[in-house]
Amino acid sequence: MLSLRENISQTAVPSLKAHPKRSSLHHSATAPPPHPEPTAIAKLILKTDNSETITRNLHTLTNWTPHLVHTVLKRLWNHGPKALQFFNILDTHPFYAHSATGFDHAIDIAARLRDYKTVWALVARMRSRKLGPSPKTFAIIAERYVSSGKADKAVKVFLSMHEHGCSQNLNSFNAFLDVLCKSKRAEMAYKLFNIFRGRFRADTVSYNIIANGFCLKKQTPRALEVLKEMVERGLVPTLTTYNIMLKGYFRAGQIEEAWGFFLQMKRRKVGIDVVTYTTVVHGLGVVGEVEKARKVFDEMIGAGVLPSVATFNALIQVLCKKDNVENAIIVFEEMLRKGYTPNVTTYNVVIRGLCHAGNMDRAIEYMDKMKDDNCKPIVQTYNVVIRYYCDDGEIEKALAMFERMTGGSCLPNLDTYNILISVMFVRKRSDDLLVAGKLLIEMVDRGFLPRKFTFNQVLNGLLLTGNQGFAKEILSLQSRCGRLPRHFRL
DNA sequence: GCCGGCCCAC
């Protein structure tokens with residue numbers, strides 16, 4: 001069978017050029033429709049500059065589904081402008097109409113680019129097509145506002161939801177509180193909670209979210225107060241409530257309290273589950289209590305609670321960090337023998353462990369092994385390996401891994417660029433500075449905003465090595481990004 | 001997964 005690329009670039013495009021409408025109908029009527037392959041589609045979009053060519057190719061494919069769109073968007077996630085281009089082109093497809101979740105993804109991408117004009121245009125388009133916006137849409141927008149430091153804007157968004165044709169209810173209220181809490185705004189969330197808890201009839205979930213918010217800030221006493229208030233108002237804590245507090249104690253470094261709380265939970269009627277055990281295994285391991293963590297792990301099976309992949313991941317990570325990679329790999333093998341399928345996290349943990357132990361080659365072996373379990377290295381996987389190569393001074397290998405990732409349909413993210421750019425200064429070679437400059441341009445192109453520090457580092461390097469011309473180019477890029485120091489003149 | 005466990009970096 002032909003690959004999609006061959007299919008669309010050699011067969012479909014030329015014939016479409018000759019008879020646009022007819023040939024696409026003709027195509028779907030006689031030949032079986034091409035099997036759209038998300039990787040090939042993403043690659044085509046990435047390497048094609050001409051937007052009309054992309055349009056022709058995308059419109060030629062007739063069997064678009066929301067799932068396929070979602071997969072392609074995920075692949076283009078770290079190239080926001082291209083992802084939006086893809087979404088917009090498909091939006092003009094003669095037969096395909098975007099789904100509500102498709103719009104949500106596009107809105108998420110635009111918001112991440114801080115392109116709020118596009119965000120609200122998409123919201124309006126969504127509404128005019130009667131696809132929403134839904135509470136989920138607003139949770140996405142609020143989350144992006146909060147994470148770019150505009151918490152007040154996020155609050156306004158929530159309060160104005162109904163003006164966009166989306167009713168506020170307990171679910172959207174809880175989702176919104178969660179957004180604030182997850183970005184460490186527990187105090188703000190709690191204020192809003194107190195204002196609106198009557199109107200939305202706040203439930204156990206609302207309280208759990210707030211308590212978790214304080215736990216994330218290591219304020220376990222505040223979390224407890226909130227829960228006490230919950231009980232006084234007649235709501236009953238759930239197992240999730242207890243698991244949140246348990247995790248909170250570990251996070252705050254209150255290990256004694258955590259352990260005591262765990263023992264109490266075992267005695268209570270609410271019982272404990274696999275999440276409880278995973279929390280304890282991880283929490284104990286992180287503070288170096290490896291033996292105790294192992295004991296808890298062994299104990300759970302006896303208690304009739306089966307470990308999940310996450311439980312194994314917790315133990316493996318703990319062994320990597322506080323014991324020895326070899327012991328971690330023994331557990332990894334044991335997990336396989338028991339019939340569990342490792343996930344990306346399992347691999348990432350093992351790979352990090354091997355890198356940390358200086359065993360880069362074996363780390364790469366595990367990267368190759370991932371496909372046996374139907375998973376692929378993700379950007380975090382590559383970042384780990386690239387980072388350790390950089391730390392070892394193996395810059396060529398780091399760059400080779402960068403090539404491998406871009407060739408293998410995995411787009412670099414902000415971390416990848418930061419790691420690579422900063423390592424381009426250690427060898428003091430002028431060639432490396434050119435690479436740094438190139439990477440800087442590429443990352444901006446893909447919608448990432450470099451720090452001021454990064455711009456200055458690259459600029460200084462280029463100026464010192466006599467690359468005035470290139471430096472000027474970077475400088476104008478920096479001004480377009482709004483990252484120039486105050487009072488700076490071009 | 002409407003809230004809770006496992007990847008996180010300098």
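Since this is a predicted model, take the numbers as computed values, not measurements. Reminder, nothing fancy here: chain letters follow the sequence lines and each chain counts from 1.
Among the protein residues, A/Val344 comes within range of no part of the nucleic acid, since none of its heavy atoms lies under 4.0 Å from any strand. Among the atoms of the strands shown, base atoms are found under 4.0 Å from some heavy atom of A/Leu239. Residue A/Asn383 is classed as having no contact, given no heavy-atom separation below 4.0 Å to the nucleic acid. No engagement by A/Lys136 is indicated, since no non-hydrogen atom pair under 4.0 Å with the nucleic acid exists. Within the nucleic acid shown, A/Ser206 has no heavy atom closer than 4.0 Å to any nucleic acid atom. Among the atoms of the strands shown, only primed sugar atoms or phosphate atoms (P, OP1, OP2) are found under 4.0 Å from some heavy atom of A/Asn212.
Side-chain proximity of A/Val274 to the nucleotides B/dC2, B/dC7, B/dG5 is greatest for B/dG5. Of the listed nucleotides (B/dC6, B/dC3, B/dC2), B/dC6 has the atom at the smallest distance from the side chain of A/Thr278. Comparing B/dG5, B/dC7, B/dC3 by their closest approach to the side chain of A/Thr311 singles out B/dG5.
The side-chain tip of A/Lys369 points at the ring of A/Tyr366 from less than 6.0 angstrom away and within 45° of straight on.
By the salt bridge (Lys or Arg N to Asp or Glu O under 4.0 Å) test, A/Glu326 is found to be paired with A/Arg362, residues two or more places apart in sequence or in another chain being considered. With sequence neighbours left out, A/Arg129 forms a salt bridge (Lys or Arg N to Asp or Glu O under 4.0 Å) with A/Asp91. Residues forming a salt bridge (Lys or Arg N to Asp or Glu O under 4.0 Å) with A/Arg268 (at least two apart in sequence, or on another chain): none. Looking at residues two or more places apart in sequence or on another chain, you find a side-chain hydrogen bond (donor to acceptor under 3.5 Å, both in side chains) between A/Asp373 and A/Tyr347. For A/Lys338, the salt bridge (Lys or Arg N to Asp or Glu O under 4.0 Å) partners are A/Glu334, not counting sequence neighbours.
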Could you pull out every donor-acceptor pair under 3.5 Å between side chains of residues 205-215 of chain A and any protein atom, sequence neighbours left out?
unit_1, atom_1, unit_2, atom_2, d
A/Ser206, OG, A/Asn174, OD1, 2.7
A/Ser206, OG, A/Asp203, N, 3.0
A/Ser206, OG, A/Asp203, O, 3.4
A/Ser206, OG, A/Asp203, OD1, 2.8
A/Tyr207, OH, A/Arg233, NH1, 2.9
A/Asn208, OD1, A/Thr241, OG1, 2.8

Review item, side-chain donor-acceptor pairs of residues 284-298 of chain A, under 3.5 Å, at least two apart:
none

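Using cut-offs of 30° and 60° for the angle between ring planes, the A/His164 and A/Phe138 rings count as tilted.
Distances shown here put a side-chain N or O of A/Gln317 below 4.0 Å from the OP1 or OP2 atom of B/dC7. Proximity of A/Lys247 to the phosphate of B/dC6: a side-chain N or O atom is located under 4.0 Å from OP1 or OP2. Proximity of A/His282 to the phosphate of B/dC6: a side-chain N or O atom is located under 4.0 Å from OP1 or OP2.
DNA chain B is contacted by A/Ser308, A/Ala310 of residues 293-310 of chain A, taking any non-hydrogen atom closer than 4.0 Å. A heavy atom closer than 4.0 Å to some atom of DNA chain B occurs in A/Asn171, A/Asn174, A/Asp178, these being the qualifying members of residues 145-181 of chain A.
Atom C1' of nucleotide B/dC3 and atom CD1 of A/Ile209 are separated by 5 Å, given to the nearest angstrom.
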